[in-house]
Protein chains: 2
Amino acid sequence: MSKVRYMQKVDQILSAPWLVTVDANDTVLEDHSLVIESGIIRDIVPTADVRERYSGPELALPDHILCPGLINAHTHMSMNLLRGYADDLPLKEWLEGYIWPAEGQWVDEQFVADGSRLAMAESLLGGTTCFNDMYFFPDITARLASAAGMRASIGLIVIDFPTVWGSGPDEYLKKAIAVGDEFRHDPQVSVTLAPHAPYSVSREPLEKISTLSAELDIPVHIHVQETAGEVQDFISQHGVRPLQRLAEIGLVNPSLIAVHMTQLEDSEIAMLANQGVHVVHCPESNLKLASGACPVNALLRAGVNVALGTDGTASNNDLDMFGEMRTAALLGKHVAGDASAVNAFQALRMATINGARALGLADVTGSLERGKAADIIAVDTARVDMAPVYEPVSHVVYAASRHCVQHVWVAGKQLVKDAQLTTLDADALTETAQQWQQKIGKPATPARNN
Amino acid sequence: MSKVRYMQKVDQILSAPWLVTVDANDTVLEDHSLVIESGIIRDIVPTADVRERYSGPELALPDHILCPGLINAHTHMSMNLLRGYADDLPLKEWLEGYIWPAEGQWVDEQFVADGSRLAMAESLLGGTTCFNDMYFFPDITARLASAAGMRASIGLIVIDFPTVWGSGPDEYLKKAIAVGDEFRHDPQVSVTLAPHAPYSVSREPLEKISTLSAELDIPVHIHVQETAGEVQDFISQHGVRPLQRLAEIGLVNPSLIAVHMTQLEDSEIAMLANQGVHVVHCPESNLKLASGACPVNALLRAGVNVALGTDGTASNNDLDMFGEMRTAALLGKHVAGDASAVNAFQALRMATINGARALGLADVTGSLERGKAADIIAVDTARVDMAPVYEPVSHVVYAASRHCVQHVWVAGKQLVKDAQLTTLDADALTETAQQWQQKIGKPATPARNN
């Protein structure tokens, strides 16, 4: 009998010198192949053996590091149209003096469509395969993500004040339920309930969100304790810290995705660990707004799941998860006063599997393991800025930039090929963004403080 | 009489929508042209008028920001061959346990030639046109920089212990004078005297260096007060802080380029300002080694000239001055607790004109002004990760990455054209680096601390 009869036909074989799995043991495999069938990683085998067991198109990547696609665990995609609109300002002034007024004037369906598509293009080219969003018109962003082939966790926003998306908490919640229903069966779109922050969403809607989250098993995605001033103001008004308020309402549980958390007391860290809360660290946004620094090393040591996000480009000003990983590692060492803190492996976990866990997607994505979706990036090392390679994980975190990403797959579909998008038109998106800038103009009061 | 008789023939005209001059007023010109003749910026005129006054080949860059070439004010170029050799370790252990042993075993003329050429390729592609180096075999790095067309400030290293470059301070100084002589008339190579650090160079050679620096008018490039431990050890051994020792020797003056300076008291900041000392901030290296943070905002407010460096790739792990600018701005805000501190304009100045000043090259490079060398980079904004553009300087610092650099000129010669090197062979350098990695292997004791 011929050997060929035992060979399995598959959709794609990817072979590379380094396969960074981000599994529970941080396994790095050398000279291995990923075997992909129906969008799923069916097998991982030594490249020397793959042809004995599988047939199908093979892409040999002789100089590449294969990693899980990166997960941006907190962002506001559409705000890409406000990239660099106002800089060098503290959070409160930036938000109330510039961003909220501009949003009030300009955000509509078209803004969200153009901004979020631009952000998807930027994300994919930089190796981000999944994002956790929070913005108005979440249905539009969800539909466009689905069309582009990206994986998306869509925040269904709730805020006390009226916006173009709704008149107040009741309408936001009604719309949240409707959007959640629309995407219930989309394999690549999941949703979160996304109250903006404890200071901007009252107790009553937060209680409804708590009930809904428990009933429907949907995560709650919220900004918490981003700045010292915010915490102080909250205590003045409510007599408790914001996190304590969330705990009273029953929101401090494994469904909570608490973003920023630059202000944390030891007892709060212990509570987060005990209750299985997920924290999303956004180091570049926090630094840029001088909001403080999330105590990442202390959280990781306490066993808290810490994911990583860029925040929106209006406060970053990019969606570069490579930069964010490096900044997380560097800042984590600085804050801990220990060069071995937040090491390269931990930074990579924060940008991959920890994000998947926070979004409730750990069975689907975040690592290269059998049975998971083929959400994969290929990082090229045959470049003057990546040579030589001693340790691939160190290289991904400390040396690679997003421009080293050559190929990207989501659920087995190649969305970036040779650094070019396959499902989005980069030139058209760039031109559209520039047209928005012409229309929006510069802020009435220039933010520059030189 | 024909108008054409009054037109001046020039070598090159570069026209762009944004010209970020980094002059004394931080002028940003819109729709202007740089007129280049014999490697010098001869004129800067509105693009609408340039053809009335000058003839010559014009490169119209319709979507680009033209900036001065970036100046990496502290690095160890050849160490590119040790990029990622040992990570996630504090300075002392990293240096004494890994880097110095590897250097002792492997550094020779070929290592320096291959490493520094790799570093030049990486630097140029990332928009760095000038570097301030400190390493062994400085003559080799100088010759190769000259051959590649880069601008280089070459540190003539002095250290107490013997290395492959010399038996001790006397030989290092002898060689320093010889190398200085060799490049006296090279228009693109200047030199510094480069004692490694107060803790690694004794008083006697430092006194000789002080005398030589004054006699020959050569800057002194030295690591100072990089970590708290170093300062404590120095006080224990010598009874004074390192900077005080340098002051006693007469080295605290406008020729001093003091690198790192993470440990500074208020009285020291005042002394640096009064004495016209230049400080080089290396934020990513300092963070990665958890060495502390240079108080940049306080230094700038005191009037100290602060330049920016990547340090070597063994502690960074790249030579990306765009990343370094962004990190300097972000960390500066964090350390100052003020989002308006170390703004985009200041960060760009640190990476350009302040570096030129520190190296004694402010008349030659560091800004786009008439009479200066045509050291220029063109940053492309027609990209999904750069659109839209509200404020070009904010974009260069907060949004751009080094891969947005499309063209680079040094002294009017184009060294990067469409993101490709014109004087160095990227593929050959990458392959050579990988051969070095094969030969060197991984450290005997893996540095990973997971």
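- In terms of heavy-atom pairs under 4.5 angstrom with chain B, the leader among Leu429(A), Thr313(A), Leu81(A), Val397(A) is Leu81(A).
- Of the atoms belonging to Glu284(A), heavy atoms from both backbone and side chain fall under 4.5 Å from chain B.
- Top candidate by heavy-atom pairs under 4.5 Å with chain B, chosen from Leu82(A), Leu289(A), Val393(A), Leu287(A), is Leu287(A).
- Contacts between Asp338(A) and chain B at a heavy-atom distance below 4.5 Å involve the backbone alone (N, CA, C, O).
- The contact between Ala399(B) and chain A is made by backbone and side chain atoms together, counting heavy-atom distances below 4.5 Å.
- The only option from Leu319(A), Val408(A), Val405(A) that meets the side chain to side chain contact (heavy atoms under 4.5 Å, CB included) definition with Leu124(A) turns out to be Val408(A).
- Most heavy-atom pairs under 4.5 Å with chain A, from the set Arg402(B), Lys442(B), Met386(B): that is Arg402(B).
- For the ring-ring contact (aromatic ring centres under 6.0 Å, His included) with Tyr390(B), the qualifying choice from Trp436(A), Tyr85(A), Tyr98(A) is Tyr85(A), the only one to do so.
- The CH2 atom of Trp18(A) sits 10.5 Å away from atom NE2 of His64(A), with the distance rounded to the nearest 0.5 Å.
- Between Asp418(B) and Gln406(B) the shortest side-chain heavy-atom distance falls below 4.5 Å.
- Residue contact with chain B, scored on non-hydrogen atoms closer than 4.5 Å, involves the backbone and the side chain of Ala426(A) alike.
- Only the backbone of Asn316(B) has a heavy atom closer than 4.5 Å to any heavy atom of chain A.
- With a 4.5 angstrom heavy-atom cutoff, Leu125(A) touches chain B only via side-chain atoms.
- No side-chain donor from either of Ser291(A) and Thr227(A) sits under 3.5 Å from a side-chain acceptor of the other.
- Using a 4.5 Å heavy-atom cutoff, the side chains of Asp87(A) and Lys288(A) are in contact.
- For a residue to count as touching a neighbouring chain, one of its non-hydrogen atoms must lie under 4.5 Å from one of that chain's; by this rule Thr327(B) does not touch chain A.
- Interface residue Ile440(A): only side-chain heavy atoms are found under 4.5 Å from chain B.
- With 3.5 Å as the limit, one finds a donor-acceptor pair spanning the side chains of Asn72(A) and Thr310(A).
- Using a 4.5 Å cut-off on side-chain heavy atoms (C-beta onward), Thr381(A) and Ile65(A) make contact.
- Interface with chain A: from residues 115-123 of chain B, residues Leu118(B), Ala121(B), Glu122(B) qualify, criterion being any non-hydrogen pair under 4.5 Å.
- For Ala293(A), the side-chain contact (heavy atoms from CB on, under 4.5 Å) partners at least two apart in sequence or on another chain are Leu331(A), Val335(A), His334(B).
- Contacts between Arg383(A) and chain B at a heavy-atom distance below 4.5 Å involve the backbone alone (N, CA, C, O).
- Taking each heavy atom of Ala387(A) and Thr430(B) in turn, the nearest pair found is CB-CG2, 3.8 Å.
- Contact check for Arg83(B) versus His395(A): side-chain heavy atoms found under the 4.5 Å cut-off.
- Most heavy-atom pairs under 4.5 Å with chain A: of the set Asn286(B), Leu330(B), Leu421(B), this distinction falls to Leu330(B).
- Between Met77(A) and Thr75(A), the shortest heavy-atom contact is SD-CG2, 3.6 Å.
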